[in-house]
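What follows is one structure encoded as structure tokens, with my remarks underneath.
Quick caveat: nothing in here was measured; it's all calculated off a predicted structure.
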Number of protein chains: 2
Amino acid sequence: MKNNRLAVSIHILSLAALNPRDQLTSEFIAGSVQTNSVVIRRLTSELKKAGLLTSQPGIPGIKLTRSPSDISLLDIYKAIQGYRESVFSIHQNPNPDCEVGANIQSTLDATFHKVQETIEEELANQTLQNILDHLFE
Amino acid sequence: MKNNRLAVSIHILSLAALNPRDQLTSEFIAGSVQTNSVVIRRLTSELKKAGLLTSQPGIPGIKLTRSPSDISLLDIYKAIQGYRESVFSIHQNPNPDCEVGANIQSTLDATFHKVQETIEEELANQTLQNILDHLFE
DNA sequence: CACCGATGTAACAATTATAGTTACATTTCG
DNA sequence: CGAAATGTAACTATAATTGTTACATCGGTG
């Protein structure tokens, strides 16, 4: 029950797709997500840096930069994932004097990289528009 | 830099595939992973519950219950994942009075479930034997 | 121009999960 | 019996996310 960053980001962008800009204050969004408005502003800040939405100090609200059908879940995922490049991580100091310890990192790196690629392909195939469609079906 | 449970579990089972049982004490394994032996025993306990290996109090070592080519990474993943059913989680209390808030959970549930399925398919396609092959190529 | 309401961020506390550690009951074997 | 190991409980440490408080800044409005 943690790391809702992707879920909340999709929630935010869904609201942005369906409401007029001036209504989309961080307080309004926080009311829908039911969290603190700073949590929302932190995420919108990252989504903005990734070019998915625009906003301005002093002016209420946020606005999508492009059509929901042009925003993939991968775009959103990458916007908020920062440095982390795989959902699975690898222990940092296996023993180099052990045959397994010496080679496990590069092996797992390759293995986990392949898994990560399939995750990202799947996320790339879904758009914010797909989410919106599902919301009202 | 956290949650190395899958990586360490694969490390443990790789050692188990390559060494005689009586050498595979939790201390020996901990020396290869470079961690505390209790960390190893905690994981082997879960791998044992999942039927991937055997062990006995008083008798040193662990032993695989079947061939490395018969152990998929999905088997390992499920052995240690416990309750968690998706790599992505969903916020728990969206506002039901909001159209988006009311439907976002079931929508994301379906979406994330699909992603999870692709992850598990990918993990199912890789075996411990594949890891061993890569370790020595 | 001063105020109000909003964004953007910094700083810190709270929560949660994993990793690491200490301790110890229990078991097997010499 | 005594040594060595497994299995587990209990606790601390670390790390990431979430929640909160505070505040600088901007822009529209009276």
Side-chain angles (χ1 to χ4, degrees), chain A residues 1-9 11-12 16 19-31 33-50 53-63 77 80-94, chain B residues 1-9 11-12 16 19-31 33-50 53-63 77 80-94:
Chain A
M1 195 217 295
K2 249 327 175 43
N3 203 349
N4 305 320
R5 289 163 60 80
L6 182 58
V8 173
S9 296
H11 189 148
I12 292 170
N19 294 277
R21 161 170 192 152
D22 63 330
Q23 192 180 336
L24 293 163
T25 65
S26 59
E27 276 298 334
F28 171 82
I29 298 171
V33 174
Q34 301 227 80
T35 183
N36 190 289
S37 59
V38 175
V39 172
I40 303 300
R41 292 204 291 277
R42 264 199 303 241
L43 283 171
T44 55
S45 168
E46 298 182 58
L47 297 169
K48 180 182 182 177
K49 277 173 194 154
L53 55 80
T54 56
S55 60
Q56 267 195 354
I59 303 179
I62 59 174
K63 188 174 181 333
Y77 172 79
I80 58 166
Q81 275 317 101
Y83 69 95
R84 183 162 318 200
E85 57 188 52
S86 175
V87 298
F88 298 120
S89 70
I90 304 173
H91 47 302
Q92 290 300 302
N93 299 307
Chain B
M1 200 215 295
K2 252 325 179 41
N3 202 351
N4 305 319
R5 288 164 61 81
L6 182 58
V8 173
S9 296
H11 190 149
I12 292 171
N19 295 277
R21 162 171 190 150
D22 63 330
Q23 193 180 336
L24 293 163
T25 66
S26 59
E27 276 299 335
F28 171 82
I29 298 171
V33 176
Q34 301 227 81
T35 183
N36 191 288
S37 60
V38 176
V39 172
I40 302 300
R41 292 204 290 279
R42 263 198 303 238
L43 282 171
T44 55
S45 169
E46 297 182 58
L47 297 169
K48 181 182 182 176
K49 276 173 195 153
L53 54 82
T54 57
S55 60
Q56 266 195 352
I59 303 180
I62 59 175
K63 186 175 182 332
Y77 172 78
I80 58 167
Q81 276 317 101
Y83 69 94
R84 183 162 316 201
E85 57 188 53
S86 175
V87 298
F88 297 120
S89 70
I90 303 173
H91 46 302
Q92 291 301 302
N93 299 306

Counterpart residues, side-chain hydrogen bond (donor to acceptor under 3.5 Å, both in side chains), relative to B:S55 (two or more places apart)
B:K48

For B:K63, which residues count as a side chain to side chain contact (heavy atoms under 4.5 Å, CB included) partner, sequence neighbours excluded?
B:R21, B:T54

All side chain to side chain contact (heavy atoms under 4.5 Å, CB included) counterparts of B:N36, not counting sequence neighbours
B:V38, B:V39

Tell me: CG of A:D22 to C1' of C:dG5, nearest whole Å?
13 Å

Contacts of type ring pair (Phe, Tyr, Trp, His ring centres under 6.0 Å), residue B:Y77, not counting sequence neighbours
A:F88

Listed by chain and number, what are the side chain to side chain contact (heavy atoms under 4.5 Å, CB included) partners of A:S37, not counting sequence neighbours?
A:S26, A:E27, A:A30, A:R41

Considering every strand and a 4.0 Å limit on heavy-atom distances, what is the contact class for A:K48: base, sugar-phosphate, or nothing?
sugar-phosphate

Atom pair distance, as rounded to whole Å: CZ in A:R42 and P in D:dA16:
15 Å

Taking the nucleotide of DNA chain D with the closest heavy atom to each, which residue, B:S26 or A:T35, is nearer the 5' end?
B:S26

In whole Å, I'd like the distance from the CD1 atom of B:I62 to the C1' atom of D:dT6.
12 Å

Given the rule in the side-chain contact (heavy atoms from CB on, under 4.5 Å) test, do B:V8 and B:T35 qualify, once you have shown the distances and angles that lead to the verdict?
CA-CA 10 Å; B:V8 173; B:T35 183; 5.6 Å; no

Looking only at side-chain atoms of A:R84, point me to the closest of D:dA16, C:dA6, C:dG8.
D:dA16

Just jot down the side-chain hydrogen bond (donor to acceptor under 3.5 Å, both in side chains) partners of A:E46, sequence neighbours excluded, or say none.
A:R5

Under 4.0 Å, heavy atoms only, any strand: does A:R5 hit a base, just the sugar-phosphate, or nothing?
sugar-phosphate

Does some side-chain heavy atom of A:I62 sit less than 4.5 Å from a side-chain heavy atom of A:I29?
yes

Length of the CD1-P vector between A:I12 and C:dG8, whole Å:
12 Å

Flag, side chain of B:S89 to backbone of A:K2, donor-acceptor distance under 3.5 Å:
yes

Taking N and O atoms by type only, does the side chain of A:K2 place a donor or acceptor under 3.5 Å from a partner on the base of D:dT18?
no

Produce the list of close N/O pairs, under 3.5 Å, pairing protein atoms with atoms of nucleotides 22-30 of chain C; give distances to one decimal.
from: C:dT27; atom 1: O2; to: B:G58; atom 2: N; distance (Å): 3.4

Rounded to whole angstroms, how far apart are CZ on B:F28 and P on D:dA4?
18 Å

Whole-Å distance, A:L53 CG to C:dT7 C1', equals 12 Å

Hey, what bend do you get for the helix from C:dC1-D:dG30 to C:dG30-D:dC1 if you fit axes on five pairs at each end, rounded to 10°?
10°

